[in-house]
Amino acid sequence: MAELSVGSSSRLLLSVRYDAESNKAQMLWYDLESKTLVKELDATGHGPYCLTNVPPNEVLSKNWSSEIVVKCEEVTKWNLLEEKEVKLTKVIVDKPTDVIKVRNQLENTWESHIKYHHNWIYDLGIIPGGLYSKTENTEESQSTLRYRLIHDFRQMEARLKEMQIPQVIQEILERYGDLMDNYRDVFNQPIPEIRCAAVDIETKYDEMSFPSPQKAEYPVIAAAMATNEGKDVVFLLREQEGDEEVVKQLKVKGSLQEVILRYFSREEDLLKSLFKELNEYPLIFTFNGDNFDFAYLYHRAKRLKIDHPFVVRGAGGRGGREYLLSNAVHIDLYHFFSNPAIKTSAYGNAYPTNSLDDIADTILGERKIQLEGRIDEQELDALAIYCLNDAQLTLQLALARDRTALQLMILLGRICKTPLEDLNRSRVSSWIRNLLYFEHRRKNYLIPNQRDIYDVIGRVTPHQAMMKDKKFKGGFVVEPIPGVHFNVAVLDFASLYPSIISAKNLSYETILCRHPECVNNVLGDTEYWTCTRRKGMLSNLLGFFRDVRVLWFKQQAKEKDNPLSSLYQSIEKSLKVLINATYGVMGSEFFPLSHISIADGTAATGRWAIRQIIGKAEQLGVRVLYGDTDSVFLESPTKDVIETLIKWSTEHLGFDLELEKIYRVCILSRRKKNYLGILEDGSYEIKGLLGKKRNTPPFIQRAFQEMVNILTDLKDPTMLPDIRERIKKLLKSYYNSVEKRRIPIEELAIAVHLTKNPEDYEMETPFVKVAKQLEEKFGRKITRGMIIRYVRTNTPEGSMAVELAKVEDIDVATYKTYLDSTFEQIIDVLGISTREIHGQVNLMQFFQK
DNA sequence: ACCTGTGGCGAAACAC
DNA sequence: GTGTTTCGCCAC
C-alpha cells in the first residue's frame, strides 16, 4: 500500500458522532502525519431539523413548551413517489431530541427519524472512512466543511490507459454516468496504515455465576493491550507487592515475545494506567467489548469513583449499549463477525459459532488458550499470557489477510456513508438504508415515510395465497427425480434476484407506477408492472454495483501484480455483501424504503424465469432432474443443448444463464434440497443431507463420510453392485459398533446451538432439558448462543449432557434409528434397504427368490 | 431499539 | 394413535 500516494497532510475520517456536550456533530479524524486522533466539531452551523407541510408561520405560532424551534425555512424537494416538486417547511431545532417533540406536535413530518449525525453526513455529502485534506481557502469555511475529499483515482485512470481496452468501463460509464462520477472517489481511495490496538480484560468472579458487567462487583485482575506497533502491554493486579513495570520475555503461542508487564497493588491504579494507554491509540478493537469488557470497565470505574474514557450510547434493553471511547474509535469485532451478511457473503459461513475461539480458529488457524482451573487462580505469568493472547487474536482478526476485516468495514462505511462506529454495530439493512438516504439527499429527493409508499402504491395482496407467517411466496423448487444419475449438468442464473431488480426496474417509485402505458410492462407472468418512463433508484444502484463488481473489480482483483489487487478484492467483497442482501431487505417489513411488491415481484419473476428454462429444456428433449430457485439439473445434455439454452435465456428472458458444473454422478433422493454430486475430478458436494449437518453426532458424520468416499469411486452404472456391497459392509460394521457400545461418548454427542435462553422455550426438547440440568448441577448460567452437547440415554429423562453420561446409559435403539435416517437418504436410491443391513431380506430379494 | 427473505427436512414435543 | 407445532439447520 505504501506506493499509493496520499499526502501527509491528509486525514481519514474514522467516525462522526453527535457530541452532547457541544450539541454539535463531531468528526474523529486519523491524522496521517501525526498518526493520532484529532477531534473536530462541526463549524458549519448545521442544526437538527425535520420537514413538515405545515407553513412556517403556523409552526412558529404553535405553543412550544420552550425554545426548541430555532427557525423555519421554506425548502423545495422532489417527491419521487408523486413525481412532483413539493414545498415544505424545514423546522430547525436546538437539539436532536427536539425533533421528536416537533414530530409529536405536527401531523405530517418527514425525515424526523434520521439520527442527527447521519443527517449531518447526508447534508454535507461527507464520506465516512474517506481521505480528506484541508482546503486552502478558509473564506468559505463559515458554511461548508473545511476539508476536501482527496481525489486519487490517478492509479485507475493510468491503468485504463495502459490496458487500452476501456470499452467495458466505457459502457458502464455511459449507462451509469452519474453514479460512476460519484462512486469512483469512494472506490479508488487507498486505505492507509492506521495505528491500532486490541484490548481484553479478566476479572475475579463468583463460584456460581459469570461476572455481571452492570454490577461489576469483582476487581479487574488483568488487562492486555496488543498493538500493531509491536508493543504489547499487560496490566496485572498484584496485591502484596509494590507497583512495578518490567519487560519480560513470555512464551505466547509457542514463541517468545517481549511484553511490558505493569504490576499494580491497587486496582484503581491499574485502571487509570489502562485508560491512559487507551487514549494513545486512535482505533481500538475488542471482541465483545460492548457486552462485557468495556461495559465492565465503565461500571467498575463508576463504582471505584475514578475517571473513565467511555461515552455510553443507547438505551440498553435487548439492543444493548454501545461503549464508545472519547479519544478513540471503538470497534467491537463480535458485532461485525456475528453479522449474518458478513458471515455468509464475506466469510462463506465458515465459522461454526460466533465465539472468539471458533472465529480465530477459522480465520487465523489459532485457538484461545485452554486454561486448567479458574482464571483468577492462575500464576501471574499464565494469566498475562492468556489475556494477551486473547487481545492478540482480536487484533489479528481485524488485520489478518491484508487487513481484510478492517478494509471491509472502511469500504462498507465509505460506500454506505456510515461511520465505522455505527457500521460495525449495525446490520446490512441499516447500511443499505443509509446508502439510499444519502442518495436521496444528494439529489434533493424527499425521503418518504414508509406509510407514504404504501399510500401511493396501495396495499397489494401478495401474488397468491400465502402460507401463514410468510409475507410472500419465494423460490420454486423442482420435485427431484430420485436415482443415481450420470453426467448431470447444472445450469444456473447469475445472481438472479439482483439481476431481476436491475433488469425489471424495481424500486419503490417505479413498481406499480401510475402511468397508463406502463401497465403493459409486466414482470414475467405476474400481475405486477414497472415504470417505462424513468429509472428506479434501487434498480439503478444495484445494476451499477453488479456491473462494476463483475466487469471491473473482480477482474482486477485477480491480477496478482496489480498494486490495487488487495483493495479491489475488498471492494468486490463489500459490493457482494450489499448486492446479496438487497432482495432480502426489500422483503423486510422493517425496511423503510420498500414495498412488499418489490420482494414479491422479484421472487415471482424468478419462478417465472426458472419455469421458462424448464419448459425450454423439455422442449429440447432434455429431462430436468431437479432445480432450486435459480438452477436446473439436466440429464446428460449435449453441448448444443446447453449452448442453445444459454443463448435462449439471454435473448428471451434477458437473464444470464451459466453452465455452473457437470456432475459425473448425482444422487438425488426423493427429498428437495438434498443431494450428492460427484464432479469429474472426484471431488464432491453434499447438500442438505443429514450426514453433513452440524447437529448430527460425529460418528454418524464419519460413517457418512466413509460412505461418500466409497461413492466417489463410482464412474458408471456397471460399478453399482460392487459399490452396494462395500456400503452394506461398512454400514453393518457401524451398526455393530453401536450395538456393542464401542462408540465413545464424545462421538455420540448431539450439538445444538441455543437460539434462546433455556427458560424461553415453549417446548421441553431434549436439549432444553439438558440445558436446565446443567444450570442446576453446575450453577452455570446457560444462555442463547451457547452450544449444548448431549447424548440420548436409557434414563427416564431420555437425554443427558455429554460430560455426565456413561457408555452404559446410551440408548442404542435411538442411535440405530439415527443411522437409519442418515443413510436412508442415499441408500434407498442405490437399492439397499436399511432392513437389509439389519440382516433382514428386503421385498425385492424376497420375490426374486 | 433493533431486525434481509422463503422453501424444506427431520426430531421431538404437544394437542387431540 | 394421528396430525400439528416448535425447533434447529440447511439450500438458495
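A, B, ... follow the sequence lines: proteins, then strands. Residue 1 opens every chain.
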Open item on the list: From C-beta outward on K769(A), which listed nucleotide comes closest to its side chain: dC3(B), dA13(B), dG5(B)?
Closed with: dA13(B)
- [ ] Test Y528(A) against D600(A) for side chain to side chain donor-acceptor pair (under 3.5 Å), laying out the working first.
- [x] CA-CA 9 Å; Y528(A) 294 120; D600(A) 191 30; 2.5 Å; yes
Open item on the list: Checking contacts here: which listed nucleotide (dC2(B), dT6(B), dC9(C)) is nearest the side-chain heavy atoms of K115(A)?
Closed with: dC2(B)
- [ ] Please state how far atom NE2 in H595(A) lies from atom C1' in dT4(B), giving the value in whole angstrom units.
- [x] 18 Å
TODO: Report which part of the nucleic acid K687(A) touches: base, sugar-phosphate, or nothing (heavy-atom distance under 4.0 Å, all strands).
DONE: sugar-phosphate
- [ ] Could you please name the option among dT6(B), dG8(B), dA11(B) that lies closest to any side-chain atom of S821(A)?
- [x] dA11(B)
Open item on the list: Classify T602(A) by what it touches in the nucleic acid, base, sugar-phosphate, or nothing, heavy-atom distance under 4.0 Å.
Closed with: nothing
TODO: Answer with yes or no whether the side chains of N674(A) and S669(A) bring together a donor and an acceptor at under 3.5 Å.
DONE: no
TODO: Identify which nucleotide among dA12(B), dC3(B), dC12(C) has an atom closest to any side-chain atom of R427(A), counting heavy atoms from C-beta outward.
DONE: dC3(B)
Open item on the list: My understanding is that only one of D630(A), V624(A), V632(A) makes a side chain to side chain contact (heavy atoms under 4.5 Å, CB included) with I610(A); could you say which?
Closed with: V632(A)
Open item on the list: Which label fits F310(A) and F294(A): parallel for a plane angle under 30°, tilted from 30 to 60°, or perpendicular past 60°?
Closed with: tilted
Open item on the list: Holding to side-chain contact (heavy atoms from CB on, under 4.5 Å), I want the full list of residues that pass it with V550(A), two or more places apart in sequence or in another chain.
Closed with: none
Task: Distance, rounded to the nearest Å, where F493(A) contributes CZ and dC12(C) contributes P - done: 15 Å
- [ ] Please tell me which of the listed nucleotides, dC3(B), dA11(C), dA12(B), lies nearest to the side chain of F590(A)?
- [x] dC3(B)
- [ ] Please say which of R607(A), K672(A), K687(A), K673(A) ends up in a salt bridge (charged side-chain N to carboxylate O under 4.0 Å, His left out) with D628(A).
- [x] K673(A)
- [ ] Kindly write out the residues that satisfy side-chain contact (heavy atoms from CB on, under 4.5 Å) with N104(A), not counting sequence neighbours, or none if the list is empty.
- [x] I100(A)
- [ ] Please check the phosphate of dG8(B) (OP1 and OP2 only) for any side-chain N or O of K672(A) closer than 4.0 Å.
- [x] yes
TODO: Pick base, sugar-phosphate or nothing for Y818(A), based on heavy-atom distances below 4.0 Å to the nucleic acid.
DONE: sugar-phosphate
Open item on the list: Taking the ring centre of each residue, are Y734(A) and F823(A) less than 6.0 Å apart?
Closed with: no
Open item on the list: So if I take residues 753-760 of chain A and measure heavy-atom distances to DNA chain C, which residues fall below 4.0 Å?
Closed with: H753(A), T755(A), K756(A)
TODO: Choose from dG8(B), dT6(B), dG8(C) the nucleotide whose nearest atom is closest to any side-chain atom of Y761(A).
DONE: dG8(C)
- [ ] Apply side chain to side chain donor-acceptor pair (under 3.5 Å) to the pair N757(A) and T783(A), showing each step before the final yes or no.
- [x] CA-CA 5 Å; N757(A) 291 333; T783(A) 57; 4.8 Å; no
Open item on the list: In this structure, how many angstroms lie between the P atom of dC3(B) and the CZ atom of R784(A), rounded?
Closed with: 14 Å
Task: Verdict with reasoning, I686(A) to F704(A), per side chain to side chain contact (heavy atoms under 4.5 Å, CB included) - done: CA-CA 11 Å; I686(A) 303 167; F704(A) 185 81; 3.9 Å; yes
Open item on the list: So Q825(A), base contact, sugar-phosphate only, or nothing? Heavy-atom distance under 4.0 Å.
Closed with: sugar-phosphate
Task: Any pair counted as salt bridge (Lys or Arg N to Asp or Glu O under 4.0 Å), so long as it reaches residues 422-439 of chain A, sequence neighbours left out - done: D290(A)-R425(A), R313(A)-D422(A), E439(A)-R442(A)
Task: Whole-Å distance separating the OH atom of Y626(A) from the P atom of dG8(B) - done: 9 Å
Open item on the list: Taking the cut-offs as 6.0 angstrom to the six-membered ring centre and 45 degrees off its axis, would you call R792(A) and Y815(A) a cation-pi pair?
Closed with: no
- [ ] With the side chain of P340(A) defined as its heavy atoms from C-beta on, choose the nearest nucleotide among dT4(B), dG8(B), dG5(B).
- [x] dT4(B)
Task: Heavy-atom neighbours of K554(A) NZ exceed 12 at 6.0 Å - done: no
Below 3.5 Å is the cut-off: list the nitrogen or oxygen pairs between protein and nucleotides 14-16 of chain B, distance only.
unit_1, atom_1, unit_2, atom_2, d
dC14(B), OP1, E764(A), N, 3.2

Open item on the list: Heavy atoms only, 4.0 Å cut-off, all strands: where does G584(A) land among base, sugar-phosphate and nothing?
Closed with: base
Task: Under-4.0 Å side-chain N/O to phosphate OP1/OP2 contact, R792(A) with dA12(B) - done: yes
Open item on the list: Does a side-chain N or O of R694(A) approach OP1 or OP2 of dC10(C) to a distance below 4.0 Å, or not?
Closed with: yes
TODO: May I have the distance from I610(A) (atom CD1) to dA11(C) (atom P), rounded to whole angstrom?
DONE: 17 Å
Task: Check: T526(A) main-chain N/O paired with W608(A) side-chain donor or acceptor under 3.5 Å - done: no
Task: Per Y583(A) side chain, nearest of listed nucleotides dA11(B), dC9(C), dG5(B) - done: dG5(B)
Task: Whole-Å P distance, dT4(B) and dC12(C) - done: 22 Å
- [ ] To the nearest Å, give me how far apart CG (L690(A)) and P (dA12(B)) are.
- [x] 11 Å
TODO: Indicate, with a heavy-atom threshold strictly under 4.0 Å, whether S631(A) touches base, sugar-phosphate, or nothing.
DONE: nothing
Open item on the list: From CZ of R313(A) over to P of dC2(B), roughly how many Å is that when rounded to an integer?
Closed with: 10 Å
Task: Residue-level proximity of residues 494-505 of chain A to DNA chain C when a heavy atom falls under 4.0 Å - done: none
- [ ] Determine the contact category for N674(A): base if any of its heavy atoms lies under 4.0 Å from a base atom, sugar-phosphate if only primed atoms, P, OP1 or OP2 are that close, otherwise nothing.
- [x] sugar-phosphate
TODO: In whole angstrom, give the distance that lies between atom NZ of K473(A) and atom C1' of dG8(B).
DONE: 14 Å
